[in-house]
Student: 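Can you read through this structure? Questions will come right after.
One-based numbering, in listed order, for ligands and for the atoms of each. If you're wondering where the values come from, they're calculated on a predicted model, not measured in any experiment.
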Amino acid sequence: MAHTFVIFGASGDLTSRKLIPALFRLHQKGRLPEQTRIVGLARRAYDNDAWRDLLARSAAEFLGDKFNADQWREFAQNILYQQGDITVSADFAALKIFLEELEGGRSATRVYYLSTAPSLYGAAAASLGEHGMAEESSGARRVVIEKPFGVDLATAKTLNAVVHQVFEERQIYRIDHYLGKETVQNLLVLRFANSIFEPLWNRNYIDHVQITVAEEVTVGSRGGYYDSSGVLRDMFQNHLLQLMMITAMEAPARFEADLVRDEKVKVLRSIKPLTGADFACDTLRGQYRGYRDEENVPPDSQTATFAVLKLAIDNWRWTGVPFYLRSGKAMSCRSTQIVIQFREPPHMLFENKHPMSKVDNRLVIQIQPAEGIQLHFQTKAPDAGMQLRLTELDFRFQREFSGLMPDAYQRLLLDALIGDASLFARSDEVELAWGVIDPIIAAWQSPAAPPLEIYEPRLWGPPGAVRWMEKQHREWFDSCPILH
Ligand code: BG6
């Protein structure tokens, strides 16, 4: 069966930087379903050749030595361009005819990828419905929706309602590219394909969990978008909560979309809502020095570029184990990691010059860029009585696996083409995630807000975050990954 991958908003950055390079890599690896054609729709006037040339240049730039001109020529034959405006009904009618002719009246799976301005997602889905382009008499029809899915719970609900008028939930693929990262999927494997971690993975052995997404970059030219979004909408509602769900969820009975998502949703439902004084005690916010000078950022902006949330999961596995979620721009280095901090041993036999501290036993899951896992534990320092020395077992993907780690979009686009929604967010998941974030955003605009602390770029966020953790007799695991 043929496959048609239709990109709405095709002239945007995402198409050239992510979607086309990912589809090309899948082609090179022989993984694209046979007869996959890619159709781009945007307002600009291009013919097929002009669009292909443009994409070839960006693919070469983003793929470096993975780009191969001969393979590109082969791949590019299946890329087509159709000029059209997503807000004009006649353009959908024309697109429909174009696609039917392309598919030669035969059955074909179609994936509609909405890579437009988020404000157009609803209108695009509605137009697909109006023109009968979602009905499945001649093959599966799926829609992939980029983030952000709404800007709060109310807008997410409205968007879900609009999209549900046209597509059934099983046809809707809400993308969060963190779920396409190999190391995030590897966390599922680590937890559910090994028997040695699971017995420890609970309140009896774990003191707390730290989930950090630190970025070295600033907001750069994205100030206009970022200032109305801030770190909670941009990173927490989606990526950090996804990492938390995968860390905390129970094992699904099978690796199937709805079973996986049922378990993730249970985690969100178990998060204890913050109320009253919690907002000031359990959340922190910061802004890097210089943010207000970025393009399109007001000089008195109160937008947070850094945040910490301390969340509690009230269930049998996790009660009493705080989950610290932290993310910021302009931090020391790029590092996404999950730290499982184990409890201290109940009784210490050995005298030690360096007394044991809470930080001794930890499992560090490096999501990026030094993808891997380290287990930190005590050993005996040789020839030094019974002195202890902290050491680590270190697994690195780059050492074990010679290829480059594939970009997250490769896995996700392939899954959308073959119809596996396990790594996409379901409607209830997105809404529940907004339900966690919305009250914090509201509290930050009220007298309950914690102070917005200005931090120096290239540090681990505001110094207040370190003091706050110390008060809880814990410490951040701040370490820049060693890349080799
Ligand atoms: C995006 C955010 O969703 O994720 C960006 O909008 C952020 O602000 C990016 O930089 C981080 O993604 P990654 O894959 O580089 O960690």
Side-chain angles (χ1 to χ4, degrees), residues 9 12-15 17-19 21-22 25 62 113-119 121 144-151 156 173-187 211-244 246 285-288 291 294-297 301 303-307 325-338 365-372 397 404-413 423-425 430 433-434 437 441 457 461 480-481 483:
D13 231 26
L14 186 77
T15 309
R17 279 191 317 117
K18 294 287 182 186
L19 305 183
R25 289 291 290 142
F62 289 109
Y113 198 106
L114 304 188
S115 168
T116 60
S119 56
Y121 294 161
V144 182
I145 305 180
E146 262 296 330
K147 68 157 273 219
F149 197 91
V151 295
Y173 288 61
R174 296 171 196 78
I175 208 161
D176 184 317
H177 76 283
Y178 265 58
L179 293 176
K181 292 184 191 283
E182 289 287 332
T183 41
V184 175
Q185 294 155 45
N186 188 52
L187 177 53
I211 301 180
T212 297
V213 182
E215 294 187 279
E216 202 176 348
V217 291
T218 60
V219 302
S221 57
R222 297 170 74 218
Y225 149 76
Y226 194 89
D227 200 62
S228 62
S229 165
V231 68
L232 289 184
R233 290 192 175 97
D234 189 49
M235 298 298 288
F236 281 73
Q237 185 273 343
N238 37 66
H239 311 322
L240 277 105
L241 285 179
Q242 286 292 345
L243 295 178
M244 179 178 177
I246 294 198
R285 56 189 189 127
Q287 187 187 75
Y288 66 82
Y291 171 72
E294 303 278 17
E295 206 182 312
N296 297 324
V297 171
S301 170
T303 298
T305 61
F306 169 95
L325 274 51
R326 175 177 64 153
S327 181
K329 301 254 186 236
M331 306 258 295
S332 289
C333 55
R334 178 169 183 248
S335 174
T336 300
Q337 65 190 15
I338 301 171
I365 298 150
Q366 302 275 4
I367 303 292
Q368 63 187 20
E371 296 87 353
F397 275 94
L404 264 188
M405 292 292 267
D407 184 80
Y409 277 89
Q410 287 181 40
R411 169 74 195 250
L412 297 175
L413 299 190
L423 299 175
F424 291 83
V430 172
W434 279 120
I437 297 302
I441 294 176
C480 287
L483 297 169

Student: What distance separates Thr303 OG1 from Tyr226 OH, expressed to the nearest 0.5 Å?
Tutor: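 Here the interatomic distance stands at 8.0 Å.
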Student: If you measure from atom 14 (O) of ligand 1 to every heavy atom of Arg233, Lys181, Gln368, which option wins on shortest distance?
Tutor: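 Result: the heavy atom closest to atom 14 (O) of ligand 1 is in Lys181.
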Student: As an exercise, identify every atom of ligand 1 less than 4.0 angstrom from a heavy atom of Arg334.
Tutor: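 Selected atoms, number and element: 15 (O).
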Student: Look at Asp176 together with Lys147 and state whether they make a salt bridge at an N to O cut-off of under 4.0 Å.
Tutor: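 Judged by the 4.0 Å cut-off on N to carboxylate O distance, Asp176 and Lys147 do not form a salt bridge.
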Student: Any side-chain heavy atom of Gln368 within less than 4.5 Å of one from Thr183?
Tutor: no
Student: Looking at Lys147, which atoms of ligand 1 are within less than 4.0 Å of one of its heavy atoms?
Tutor: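 This gives 1 (C), 2 (C), 3 (O), 6 (O) as the contact atoms.
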Student: Can you check which of Glu146, Glu215, Lys329 brings a heavy atom nearest to atom 11 (C) of ligand 1?
Tutor: Glu215
Student: Which atoms of ligand 1 sit under 4.0 Å from any heavy atom of Asp234?
Tutor: 2 (C), 5 (C), 6 (O), 8 (O)
Student: For atom 16 (O) of ligand 1, what is the nearest protein heavy atom, given as residue, atom name and distance?
Tutor: Tyr178 OH, 2.5 Å
Student: Could an N or O of ligand 1 be found under 3.5 Å from any N or O of Arg222, whether backbone or side chain?
Tutor: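 N/O-N/O distance under 3.5 Å: yes.
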Student: Kindly compute the distance separating CE (Met331) from OG1 (Thr305), expressed to the nearest 0.5 Å.
Tutor: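 Met331 CE to Thr305 OG1: 9.5 Å, rounded to 0.5 Å.
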Student: Suppose I only count heavy atoms of His177 and a 4.0 Å limit; which atoms of ligand 1 are within that range?
Tutor: 3 (O), 4 (O), 12 (O), 13 (P), 14 (O)
Student: Run the salt bridge (charged side-chain N to carboxylate O under 4.0 Å, His left out) check on Lys18 and Asp407 step by step: do they pass?
Tutor: CA-CA 8 Å; Lys18 294 287 182 186; Asp407 184 80; 3.1 Å; yes
Student: For ligand 1, which atoms, with element, lie under 4.0 Å from some heavy atom of His239?
Tutor: 1 (C), 3 (O), 4 (O)
Student: What verdict does the salt bridge (charged side-chain N to carboxylate O under 4.0 Å, His left out) test give for Glu215 and Arg334, after you've listed the backbone C-alpha separation in whole Å, the side-chain angles of each residue and the deciding distance to 0.1 Å?
Tutor: CA-CA 4 Å; Glu215 294 187 279; Arg334 178 169 183 248; 5.9 Å; no
Student: Does the Lys NZ or Arg CZ of Arg174 fall within the cation-pi geometry relative to Phe149 - under 6.0 Å from the ring centre and within 45° of the axis?
Tutor: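 That pair qualifies as a cation-pi contact.
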